[in-house]
Amino acid sequence: MDWLLTSPPDEVKLIQEIYESTYNKSLKKALEAKCGKKFFLALSALLVPPEEFLAMRLEKAMKGWSADDKVLIRILGGLDHASKPSMLQVADAYQRKYTRTLKDALKKNISGNFLKAATAWISALEDPAQHLEVKTNVDVDTHTDLDALLDDLLVEHNSVECMMADVDAQEIYNCCHGWGTSDGKLIALLCSRSKPHLQKVAAAYYEQRDAPLLKRLRKETSGWYKEFMTYLVESPEDADVRALDSAMNGIGADAVAIIEFLVGRSQARVRAAKARWEGKHDKPLVDRLRSELHGSNRTLALELLKGERNETAPVDEKLAQRQAEELHKGVSRWGSTDDEKFIEILAKNSPNQNAALRSAYEKKYSRSLESQIAKVGQKNLKKCLQALLLPPADYYAMRIRKAFVGLGTSDKVVCRVLGGSDKCDALAIAAAYQRKYTTVLKDGIKKECSGNYKRLAQAWVTLPDALEDPEAPIDVIADTAAEPDGDGFVDDPDPPTPPASPKAPSPPPPVPVPVPVPQPTAVAAPVQQQCAIYEHQDSRGVWTAYDNATASILEAAVRSNPNAVVRLPGIPFEVRFGAAARSAVIPRRY
């Protein structure tokens with residue numbers, strides 16, 4: 001058996017093939033008949049690649065009445081990204097051999113904290129890009145197969161997003177776990193993500209904790225803070241269902257809230273919300289609207305619910321002129337209006353076509369179309385028809401402005417409109433608000449809201465999507481112990497964040513602590529010894545020292561500029577110092 005110990009894996013595989021073709025049975029079977037159980041196990045480990053052997057041992061440990069926890073702990077605990085074989089290689093071999101993931105197998109055989117620890121360890125060592133960075137880090141201009149490159153980029157992007165969702169889910173748990181809630185960190189994380197990504201975070205949280213994310217967040221919050229966060233974290237269609245139920249439940253329906261949803265949301269979102277509502281209530285939404293609304297309000301709502309507005313059609317100027325004539329004829333000289341005609345035209349036009357119609361009417365008749373709509377008898381119908389003349393962001397900005405006017409704030413409108421909007425839509429509403437009223441929406445929220453409810457609303461309409469713009473700073477208004485949380489109660493302020501350790505040779509100015517986001521850069525950290533030594537940390541947390549020539553370049557750069565950004569020859573990333581370094585790094589000193 002000496003050849004098994006001395007031969008390389010490829011030669012062992014060739015010998016197995018020759019043996020099988022010569023004797024019509026596998027070498028493994030022959031060894032099993034000649035050797036004892038433990039000796040055969042040792043020899044069989046030499047007949048297969050190491051990662052495949054460990055995958056076989058893991059599968060065997062999970063067979064039978066109960067899993068062999070000792071074997072699982074010994075194998076999984078001995079694997080990491082640097083081991084030979086690595087955790088990733090073993091997990092890939094297991095999935096390839098048994099057509100299921102190692103995580104799924106563990107979930108069916110172990111439970112409790114052991115399961116959580118095992119799956120967390122596997123997730124921590126997975127390659128989020130699935131080795132695709134080698135294929136995607138190419139020159140597009142010279143690449144020959146662009147279709148394959150696009151496929152690889154999409155797979156890589158989705159894999160990294162899933163990894164980020166896992167990280168965010170764990171961070172949310174950390175914010176909520178223990179005594180009190182770290183509201184500042186929680187707000188910074190949630191408000192720097194888009195709604196589609198938050199849905200992935202909710203799925204990752206459920207997989208990690210076997211509990212709904214929204215249920216945990218609602219348990220940790222209260223008052224309007226809780227209401228706004230519920231709208232924010234829910235999927236768009238669930239948020240719309242919540243808004244519809246709030247508008248239709250109780251005595252009398254809120255016609256403006258219903259039309260607000262139908263006017264401002266895209267046709268695809270209206271259809272998705274309609275399907276979700278009908279699935280939840282097991283009845284047609286059209287029948288519920290018919291029973292809740294009356295007259296022209298009902299006619300307008302049912303027309304919008306059809307979803308026939310062509311949102312992508314180009315503007316037809318001639319059609320706009322003909323429609324302007326029809327609407328002008330719909331208003332008699334006595335001031336009465338043909339409500340049906342206004343509804344028929346405005347409810348079917350896209351927002352851009354209605355803007356063209358508005359302009360055409362004003363040019364032809366030297367008066368605004370809004371002045372004609374003002375002659376509509378029903379007050380709510382008048383508001384809804386005027387809303388159809390505005391872009392969605394402008395309309396919602398107007399709704400927020402009106403929510404701030406008068407005695408007290410209409411917090412229900414603020415939560416429904418801003419919390420129910422996606423990240424890009426919320427930023428568009430803030431931009432429209434500033435353009436229309438020459439004041440910043442963030443300041444209006446500061447004046448009208450309070451506590452963590454105020455902080456959450458302000459962050460949602462100001463913070464950028466950190467996954468779209470990783471370099472953007474994430475800054476959230478500090479909590480105050482003396483300010484109520486929108487429900488009459490005062491929450492404890494977030495614990496102070498300790499200052500970051502300074503980096504040698506020159507300490508950078510203090511910067512806000514960003515949400516951890518993977519960066520396509522490595523940040524150098526100088527190490528003090530007899531001469532300057534610089535190291536970089538890769539995505540796995542491993543530190544590697546630069547050679548002396550490279551260290552000299554970095555030393556010269558940082559002495560001339562403490563915030564230097566250096567691109568080194570032959571290295572596919574930038575080395576950053578001071579305020580230019582936005583990656584979460586750990587300075588090391590000797």
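Since the structure is predicted, the reported quantities are computational estimates derived from the model, not experimental observations. One-based numbering along the sequence shown.
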Specify whether Y433 and F404 have parallel, tilted or perpendicular ring planes, treating 30° as the upper limit for parallel and 60° as the lower limit for perpendicular.
perpendicular
As an exercise, state the distance from CD1 of I429 to CD of Q434, rounded to the nearest 0.5 Å.
14.5 Å
With the side chain counted from C-beta on, respond yes when D240 and K274 share a heavy-atom pair under 4.5 Å apart, and no when they do not.
no
Looking at K436, I'd like to know if its NZ atom is crowded, meaning that more than 12 non-hydrogen atoms belonging to other residues, nucleotides or ligands lie closer than 6.0 Å.
yes
Reported SG-to-CG distance for the pair C176 and L186, which is rounded to 0.5 angstrom:
5.0 Å
Around H177, counting heavy atoms of other residues, nucleotides and ligands shown, do more than 12 lie under 6.0 Å from its NE2?
no
Any sub-3.5 Å donor-acceptor pair from S182's side-chain atoms to K185's backbone N or O?
no
Between S246 and R416, do the side chains contain an N or O donor and an N or O acceptor separated by less than 3.5 Å?
no
Validation row: E362, S366 side chains within 4.5 angstrom (heavy atoms):
no
With no hydrogens and no angle check, do the side chains of D168 and Y205 hold a donor and an acceptor under 3.5 Å apart?
no
Quick check for you: to the nearest 0.5 Å, what is the distance between I445 atom CD1 and W460 atom CH2?
12.5 Å
For the student: nearest non-hydrogen atoms of K446 and Q458, plus distance:
CB-NE2, 3.3 Å
Counting N and O atoms only, with roles assigned by atom type, does the side chain of D422 sit under 3.5 Å from a partner on the main chain of C424, one being a donor and the other an acceptor?
no
Distance check, rounded to the nearest 0.5 Å: R216 atom CZ versus T181 atom OG1?
7.5 Å
Within this structure, what is the CG-NE2 distance for the pair L467 and H197, rounded to the nearest 0.5 Å?
5.0 Å
Donor-acceptor pair, K283 side chain versus R288 backbone, under 3.5 Å?
no
Without swapping roles, check the side chain of R298 against the backbone of R290 for a donor-acceptor pair under 3.5 Å.
yes
I need the I345 CD1 to N354 CG distance, nearest 0.5 Å.
9.5 Å
